[in-house]
Amino acid sequence: MRPEFYLEVSSDFNFKTAVYSHGWCDLAPFRFDIDNWRINYVFSDPDGRPFDALIESVDARIRILAERGDIDAEKLLRDTRHILRLDDDLTPFYRLTDREKRLRWVCAMSAGRLLRSPSVFEDLVKTICTTNCSWSLTKIMVGNLVEKLGTPTANGLRAFPTADAMASVDEGFYRNEIKAGYRAPYFAELARKVVNGDVDPETWLVSDLPTTELKKEMKKIKGVGDYAAENLLKLVGRYDGLALDSWLRSQFYKKHNRGEVCDDKSIAVFYEKFGRWRGLAIWCDMTEKWH
DNA sequence: GCGTCCAGGTCTACC
DNA sequence: GGTAGACCTGGACGC
């Protein structure tokens, strides 16, 4: 009998829009079952022992079925709250989107909770894997990281690798085994710095720094530029940056500029009215069809 | 089958 | 502060 746990959710939480908020549900060690609308994720206990868990929405609650019983349930529930953004208050954001008829669906569908990983480190590595490549290559790189460096569960599934595991291999491994290409030295250096304590991405979650300063901190990581930093900022709950990439730009051109290319400043002006929520506003606007 | 282009960009050197 | 050119890889596309 698999142990099961439940989490109460607020009335403005929507499991589907949270899970399918962006591509993260498609990246290992997440597994997304779109037919039954549930996800699996390989969590880790504080001692590093991984276990698989199924997460689904049942009767307006979140049900979590763990692979085995001897787990740290408190951490599992904390991690689940974190990845589903259960504690995010999007009320001020919805007040802004409700002002525009075409964006009223955002509040109506309780959209805007961007799925994230239990650790900022994992989101950081995954974000670097999204830069300058196709989504299929992102999936390959992340899949390789999990498959070749992640600790296995009893059933052979694997957790996302720890910084220690990532620091245990060299640049050549990232290039040849992970297929990280020119990102190879970035991953080797990042893992080394995290293990040495020179960088602690988890502090970004609770940082008192103004967003512009925090973004500068993030950009000190090799491989993290404007897009990556602003994407990470969204995942730690700051939506000041648009995180423009080629996909987002092309969607904007199609939806709001008759398919014609325009500069980034014009896109910024378009979403200026959403203030500190503009990054979330553009993301919801561009992904409306997904929901 | 092969060559080219580009994708959920960033870094470095140079001005 | 701004910009050109280089950078890995895999998949789509044209021929």
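These numbers come from the heavy atoms of this one structure, side chains and all, not from hydrogens, waters or symmetry mates. Quick note on labels: first sequence line is chain A, next is B, and so on, each numbered from 1.
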- Task: For DNA chain B, note the earliest and the latest nucleotide, 5' to 3', having some atom under 4.0 Å of a heavy atom belonging to chain A.
- Result: B:dA7 to B:dT12
- With side chains defined as the heavy atoms from C-beta onward, is the minimum distance between A:V125 and A:F187 less than 4.5 Å? yes
- Message: Quick check: do A:W135 and A:L27 have side-chain heavy atoms less than 4.5 Å from each other?
- Response: yes
Please work out if [X] contacts a base, only the sugar-phosphate, or nothing of the nucleic acid, heavy-atom cut-off 4.0 Å.
X      : result
A:S134 : base
A:A228 : sugar-phosphate
A:L248 : nothing
A:I221 : sugar-phosphate

- Query: In a check of ring pair (Phe, Tyr, Trp, His ring centres under 6.0 Å) between A:W247 and each of A:W283, A:F252, A:Y253, which one passes?
  - Reply: A:W283
- Paired to B:dG8 by Watson-Crick or G-U wobble criteria (both distances under 3.5 Å) is none
Work out how far the [atom1] atom of [N] is from that of [M], and round it to whole angstrom.
N      : M      : atom1 : result
B:dT4  : C:dA6  : P     : 16 Å
C:dA4  : B:dG8  : P     : 23 Å
B:dC6  : B:dT10 : C1'   : 16 Å
B:dC11 : C:dG10 : C1'   : 22 Å

- Message: Taking CG in A:D87 as the centre, count heavy atoms belonging to other residues, nucleotides or ligands within less than 6.0 Å. Is the count above 12?
- Response: yes
- Query: Would the number of heavy atoms belonging to other residues, nucleotides or ligands and lying under 6.0 Å from CD of A:E260 be above 12?
  - Reply: yes
- Query: With under 30° as parallel and over 60° as perpendicular, where do the rings of A:W24 and A:H22 fit, or are they tilted in between?
  - Reply: parallel
- For the residue pair A:W37 and A:Y20, categorise the inter-ring angle as parallel (less than 30°), tilted (30 to 60°) or perpendicular (more than 60°). perpendicular
Euclidean distance, atom [atom1] of residue [X] to atom [atom2] of [N] [Å, nearest integer]:
X      : N      : atom1 : atom2 : answer
A:W135 : C:dG10 : CH2   : C1'   : 15 Å
A:E177 : C:dT9  : CD    : P     : 12 Å
A:N144 : C:dT9  : CG    : P     : 12 Å
A:F187 : C:dT9  : CZ    : P     : 13 Å

- Nearest nucleotide by nearest heavy atom, which residue falls closer to the 5' end of DNA chain B, A:N231 or A:K219? A:N231
- Tell me whether the OP1 or OP2 atom of C:dC7 has a side-chain N or O from A:R183 closer than 4.0 Å. no
